[in-house]
Amino acid sequence: MDIEKMIANARTAQAQLETYSQEELDLLVKRIAKVVFDNAEVFAKMAVEESGMGTYESKVLKKKGKSRILWHSLKGKKSVGVLSDDPETGIIEIAKPVGIIGAIQPCTNPIVTPMANAMNAVKCGNAIIIAPHPRTVNCTQVYVDMIYKAWEGLKYPENIIQCFVPRNVEETQTLMKAVDVIVATGGPGMVKAAYSSGKPSFGVGPGNVQCILDRDISIPEAVEKIITGRTFDNGIICSGEQTIIYPGELKDSLYEELGKANCIILTEQADITKLERVLFADGHIHKDAVGKSPVYLAEKAGISVDPATKILMIPVDKENTSSLFRKEKMFPVIALFEYDDFQEAVDTAVYNLNIEGKGHSVSIHSHNPENITLFGKQAPVSRVVVNAVAATTAGGAFTNGLNPTSTLGCGSWGNNSISENFYYKHCMNVTRIARPIDGNIPSDDELWS
């Protein structure tokens, strides 16, 4: 089906959906999530086989976890009609749809990202056209078909969710120019194209989550969380931990704990150089390495490691400012940095973020409020995850107050329009009725004194 026809169908569907009650919309949204929850194992298998990235176990956890947290978060939220009526300000807020949302999807998350975008869109009465990555067209289309099957017996307009597969870059650009709002989750080139389309756009920047260990923490507890984050889905999560920046006096205990956890610390420069050639091509992530296991990557580099290896660790001298391991690594690899005082740890993290990942997220394991706040003040990021698994909580969790999402805005640092998690509120327009109020108008003396 051509783009013009899809847009026309979406306009018709959206005009119908705009008349739905909050209860009717929420029932549709609930089933969008429930399809993923009920079929997590099926979708996980399809995603791994089709994309060649990540792990089945992680994808099952991701699908079950995100479907639960997203529905829990959206359930009961007001997204159509009168949102609020404030007698003090005299403002009445009325929610309205934005229209047709075009959602550009990554191959790293071919089910959960469409789920989140569709839930946010339909929650506010919008139609959505999903454009899957060419590598994962089948599983995304199967998911959309299963949504309609789950909606059987409910009131819903046809074509409220459509799946469009661009044959080339030009068709993607045509789609972006035809919709009303764009949500682009993918590489920087795709995000830049979205912002250049002339339409309101929500994109994301690359991640490079710097992880600081403070002196007052439990090394075993912190290591367990970092390993959980870095190994999740073989490291393809943009919010996954990328470095461990640790106090020098804790090196022995940290290395001992990493060894117990089957993390291999490469100390021979020849091995590090060989691995670098496998992971990066012309200074950028090698696409064939993304989402692969550490054992696979080591074998490709000609390095012998234990089959139980979980993460490949690379010590980086803080004076080595050109190391590629300072950048984002979409595989189970972590860079290790040593520091003397806490400010040096923050400076290392910020230096790495300025190379890549500025605007996204950082992580800190600490019980020192002053150090946590200092890191938050100086790091040019939108999120600071504290004493938790960054990979699975930066996008919202039951254990923190961040809005659940699969699209993490990076603010102006990452050339993004928002510095928060993309959420249903970004899929609505709001009309504000301003009634007259009895305001206290200050005199000039009161105002300028």
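Sequence positions, counted from 1, serve as the residue numbers for this chain. Just so you know, these numbers use all the heavy atoms, side chains as well, and skip hydrogens, waters and symmetry mates.
Checked by atom type, the side-chain pair D214/S366 shows a donor-acceptor distance below 3.5 Å. Between the side chains of S363 and E241, no donor-acceptor pair is found at a separation under 3.5 Å. Side chains of E224 and T228: a donor-acceptor N/O pair is absent below 3.5 angstrom, by distance only. Using modelled atom types, one finds a donor on one side chain and an acceptor on the other under 3.5 Å when comparing H426 with E420. Side chain to side chain, T407 and T185 meet the donor-acceptor criterion of an N or O pair below 3.5 Å. E93 and S84 share a side-chain donor-acceptor pair at under 3.5 Å. Checked by atom type, the side-chain pair R383/N421 shows a donor-acceptor distance below 3.5 Å. For the residue pair E356 / N208, no side-chain donor-acceptor distance below 3.5 Å is found, with atom types taken as modelled. If you check the side chains of N387 and K225, you find no donor sitting under 3.5 Å from an acceptor.
Scored by the salt bridge (charged side-chain N to carboxylate O under 4.0 Å, His left out) test, K66 finds no partners at all (sequence neighbours excluded).
Note that K292 lies outside the cation-pi zone of F331, set by a 6.0 Å cut-off to the ring centre and a 45° limit from the axis.
Within the 4.5 Å cutoff, no side-chain heavy atoms of F325 are placed close to those of N320. Using a 4.5 Å cut-off on side-chain heavy atoms (C-beta onward), K199 and M176 make no contact.
When all heavy atoms are compared, the tightest approach of P166 to T172 is CB-OG1, 3.2 Å. Nearest heavy atoms, D26 versus G76: OD2-N, 4.0 Å. In plain terms, the two heavy atoms of P380 and V350 that are nearest each other are CD-CG2, 4.1 Å. Nearest heavy atoms, N126 versus L17: O-CD2, 3.5 Å. The shortest heavy-atom contact between N416 and G205 is OD1-N, 3.1 Å.
Without hydrogens or angle criteria, Y424 side chain to K77 main chain gives no donor-acceptor distance under 3.5 Å. A donor-acceptor pair under 3.5 Å is absent between the side-chain atoms of D233 and the main chain of I236, judged by distance alone.
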**Request:** Would you please test S79 and Q22 for side chain to side chain contact (heavy atoms under 4.5 Å, CB included) and show each step?
**Result:** CA-CA 7 Å; S79 59; Q22 189 73 72; 2.9 Å; yes
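Side-chain rings of F280 and H286 stay apart, their centers remaining 6.0 Å or farther from each other. Side-chain rings of F337 and Y246 stay apart, their centers remaining 6.0 Å or farther from each other.
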Would you list the atom pairs, donor with acceptor, under 3.5 Å between side chains in residues 304-316 and any protein atom, with sequence neighbours excluded?
| residue | atom | partner | partner atom | Å |
| --- | --- | --- | --- | --- |
| D306 | OD1 | A308 | N | 2.7 |
| T309 | OG1 | D306 | O | 2.7 |

